[in-house]
Amino acid sequence: MRFAVFKKYSLLFDGLLACVLILLIEAISRHSLIFAFWFFTGTPLTFLYNALLIFTTLLIIYLFKRRMFVRVILSVFWLILGIINGVVLSNRVTPFNFTDLKLVGDLFAMDNSRYLSTAEEAVIIIALVCLTVLLILLAVRGPKYQGYVHRLRNAVCLAALIFALPWITKAAIHMNVLTDYYGNLAEGYQRYGFVYSFVASAVDTGMSEPDNYSEETITAINDSVVVEETSAEADELPNIVVVQLETFIDPYELNFLEYSEDPIPNFHKLMENYTSGYLTVPVVGAGTANTEFEVLTGMGIQFFGLGEYPYKTILKETVCESIASDLAQIGYGTHAVHNNGGNFYSRATIFSQMGFDSYTSEELMNITEYNEYGTWPTDDILVGETEKALDSTEDQLDFVFTITVQSHGSYPTERILEDPEIEVTGGETEGEHYQWEYYINELHEVDMFIGNLIEMLENRDEKTIVILYGDHLPTMGLTDEDMNNGSIYQTTYVTWNNFGLEEEDADLAAYQLMAYITDQLDIHEGTMFTYHQSAMEAGTTGEESYVTDWELLQYDLLYGELYSYGGEQIYEASNLVMGVEDVLIESVRISDDGEELVIDGENFTPSSVVYINNEAVETEYISESELHVFLSGAPKGELSVVVSQVGSKNTVFRSSNEMIAGV
């Protein structure tokens, strides 16, 4: 009798199931069943719209006889997405979105990251095994619908609802039940629900063509830009070193912590003597590449789809004007330096699209030291690598974009530092205390790197300006109320120079930073940067037209007809070279015990792999001048030996000369 009722009113029960699933998903996402009920009672229409999305997928059930099996699969699918979001929000402020799926390969490449403990990984594996067993039992022995399946009718109903969803969505947006733009991604997910937000992040990608996009409009915008041409001579211009500091903030902006001494004295000294200010960034807790994108291009993340990473979408297929390509127009050599994997965020591809000449990634560095948690390389190696980039071009100005990584999360909730140099008080729990103690001491070490970098540059007989900025705040549940500046979307930038440039403090957005600094240097290059310079000079950055015209220019350069360039792309992807030093084999010999092949040379790294007759072989890194390969199993006779610097996915970034050796 119960099954007959369920069969008769199955659509109603599936509607209720959709509501229950939304309630569970929101409870997981918000880490509170009470907050999930508030979402239901406070915004019932938004709640029901989210339920409608799940209900639409549940209609797939009616195309099959194994309805219970399909119902469980669909329910589990949505619950898994909700669980993933809950886990993600435990480690960062930014919620789980569709673009994150494109970063899975990058996450697997992060060998030292610890976002899940061993126990948590074990629980997940056990749960997946149990789920698999349950699904197999349901598929084999679960109940089957005994009536006739009207597949055509049911498919038409499903298609009709799918076709109607965009119109329902537009009506909901018009009624302010939903929105098509999140100024704050985390708050948007909270207000409009995970399911709607995740689906929107899947279908809403790229940029839509603005209503008034035309050649006449773009020409008028570019004609309105009023800046002088770059008039400084080459010998008057400085080297430009930009340092993106991973998860770096001024600790004194946290209003609930106290420290035994100033954790970042070098940074604060620069703030007192050189141009500095707050920097509004587009992300919190994660999303380094999006702050990086805004700084390097002068473009805005806000014009893309929800949670989108342009590095993973449009920039993989489109050349993009950047500060690197603009400075190259006036004679700068352009270099990127980062002590993380070259494939992470697809940078080895993206930096070529942006016009960089070289990119020194982790694989090209002799990294042997890691932070105390063992998750990330220390940043001190970047001093020498930045200097190598500057030295790689003779009689040429240089732009170097250096990216740190040491203070990246996650942060341990157990004691890691037995005798911390900076004592920290203010964490509410023991776990929070250890997290903040660890993070603040990592900032202290990054600050030491800053001091060493400035000292190295001071000792060079070259005009140089340095711009340092934090890409985003850390995770650990920060809110606006925790910040002295009142915003978790503000970090700090600071500069240094050795040629007497006047201090002109200003609070900026990430996309304005390079326009502001280059304007001080009398450099006026590039479509986006001159646009921002003109608007800042005219004081119109607070006007609606500033954002409207900025969006039009961005669309034109990335998706439009390139009217800004006269209808043809004037920039080309660079022939990016990985690293600035040759990998050199000097000799190949047999070890004294006769068991190993010894390769002597220069600039080997822990990422070096020996190739014998074009086949990769297991390689033991001894030092930057020595590698070992076991002879057992190796071919005999004349061997072609090459050493390559290899990244994730077995990407060969740079190779040595070939050496012929006899074995």
Side-chain angles (χ1 to χ4, degrees), residues 105 109 111 333-344 346-349 351-352 356-369 377 381 384-394 396 573-663:
D111 298 327
T334 56
H335 318 277
V337 177
H338 185 27
N339 51 341
N340 198 7
N343 283 328
F344 195 62
S346 303
R347 284 188 176 106
T349 298
F351 286 156
S352 172
F356 281 90
D357 296 328
S358 71
Y359 175 28
T360 304
S361 62
E362 176 184 34
E363 293 84 358
L364 286 304
M365 299 181 189
N366 186 28
I367 295 175
T368 58
E369 294 186 12
I381 194 170
E385 297 299 332
T386 300
E387 186 170 27
K388 290 177 185 177
L390 292 169
D391 289 340
S392 66
T393 54
E394 295 184 10
Q396 187 178 12
S574 66
N575 183 20
L576 185 74
V577 176
M578 296 298 292
V580 294
E581 293 183 316
D582 289 329
V583 182
L584 179 65
I585 298 178
E586 295 177 340
S587 67
V588 178
R589 55 188 171 86
I590 298 176
S591 62
D592 294 339
D593 59 13
E595 295 183 356
E596 293 179 317
L597 197 65
V598 179
I599 296 92
D600 298 309
E602 296 179 5
N603 301 320
F604 300 150
T605 76
S607 296
S608 294
V609 175
V610 175
Y611 284 71
I612 296 180
N613 296 343
N614 297 319
E615 293 290 333
V617 297
E618 186 174 347
T619 304
E620 181 182 5
Y621 173 79
I622 304 300
S623 70
E624 60 184 340
S625 60
E626 185 175 337
L627 302 173
H628 286 190
V629 172
F630 282 105
L631 283 172
S632 58
K636 305 302 180 182
E638 282 196 344
L639 305 180
S640 166
V641 181
V642 173
V643 174
S644 294
Q645 312 300 77
V646 180
S648 63
K649 305 175 185 176
N650 294 318
T651 305
V652 174
F653 286 133
R654 190 167 184 139
S655 296
S656 71
N657 56 307
E658 180 186 25
M659 180 74 71
I660 302 298
V663 176

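What you see is a predicted model, and the numbers here were worked out from it, not measured in a lab.
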With a 4.5 Å heavy-atom cut-off, do [X] and [Y] have their side chains touching?
X: Thr605; Y: Met365; value: no
X: Glu595; Y: Leu631; value: no
X: Gln645; Y: Ser608; value: yes
X: Glu362; Y: Ile367; value: yes
X: Val577; Y: Arg654; value: yes
X: Leu639; Y: Val588; value: no
X: Ser640; Y: Ile612; value: no
X: Ser655; Y: Val643; value: no

Give the intermediate values and the outcome of side chain to side chain contact (heavy atoms under 4.5 Å, CB included) for residues Leu576 and Phe653. CA-CA 10 Å; Leu576 185 74; Phe653 286 133; over 6 Å; no

Nearest atoms (heavy-atom pairs only) where [X] meets [Y]:
X: Asn340; Y: Tyr359; result: O-OH, 4.3 Å
X: Thr360; Y: Gly579; result: OG1-CA, 3.5 Å
X: Ser392; Y: His335; result: OG-CE1, 3.3 Å
X: Asn339; Y: Pro377; result: O-CG, 3.5 Å
X: Asp357; Y: Gly333; result: OD2-CA, 3.4 Å
X: Phe604; Y: Leu627; result: CD1-CG, 3.5 Å

Look up atom [atom1] in [X] and atom [atom2] in [Y], then write down how far apart they are to the nearest 0.5 Å.
X: Ile381; Y: Glu369; atom1: CD1; atom2: CD; value: 8.5 Å
X: Thr368; Y: Tyr621; atom1: OG1; atom2: OH; value: 7.0 Å
X: Lys388; Y: Asn603; atom1: NZ; atom2: CG; value: 6.5 Å
X: Asn366; Y: Glu385; atom1: CG; atom2: CD; value: 8.5 Å
X: Met659; Y: Ser587; atom1: CE; atom2: OG; value: 6.5 Å

Check: Ser352 side chain, Ser574 main-chain N or O, donor-acceptor pair, under 3.5 Å: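 Yes, Ser352 side chain to Ser574 backbone: donor-acceptor pair under 3.5 Å.
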
Expected output: side-chain Glu363 to main-chain Gly342 donor-acceptor under 3.5 Å: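 Side chain of Glu363 to backbone of Gly342, a donor-acceptor pair under 3.5 Å: yes, one is there.
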
Under a plain distance cut-off of 3.5 Å, with no hydrogens placed, do Glu602 and Ser625 share a side-chain donor-acceptor pair?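 Distance-only check fails for Ser625 and Glu602.
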
For Val641, run the side chain to side chain contact (heavy atoms under 4.5 Å, CB included) check against Ile660, Ile599, Asn613 and tell me which one passes.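 Considering Ile660, Ile599, Asn613, a side chain to side chain contact (heavy atoms under 4.5 Å, CB included) with Val641 is found only for Ile599.
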
Side chain to side chain contact (heavy atoms under 4.5 Å, CB included) for Val646 and Tyr611? Distances and angles first, verdict last. CA-CA 11 Å; Val646 180; Tyr611 284 71; 3.9 Å; yes

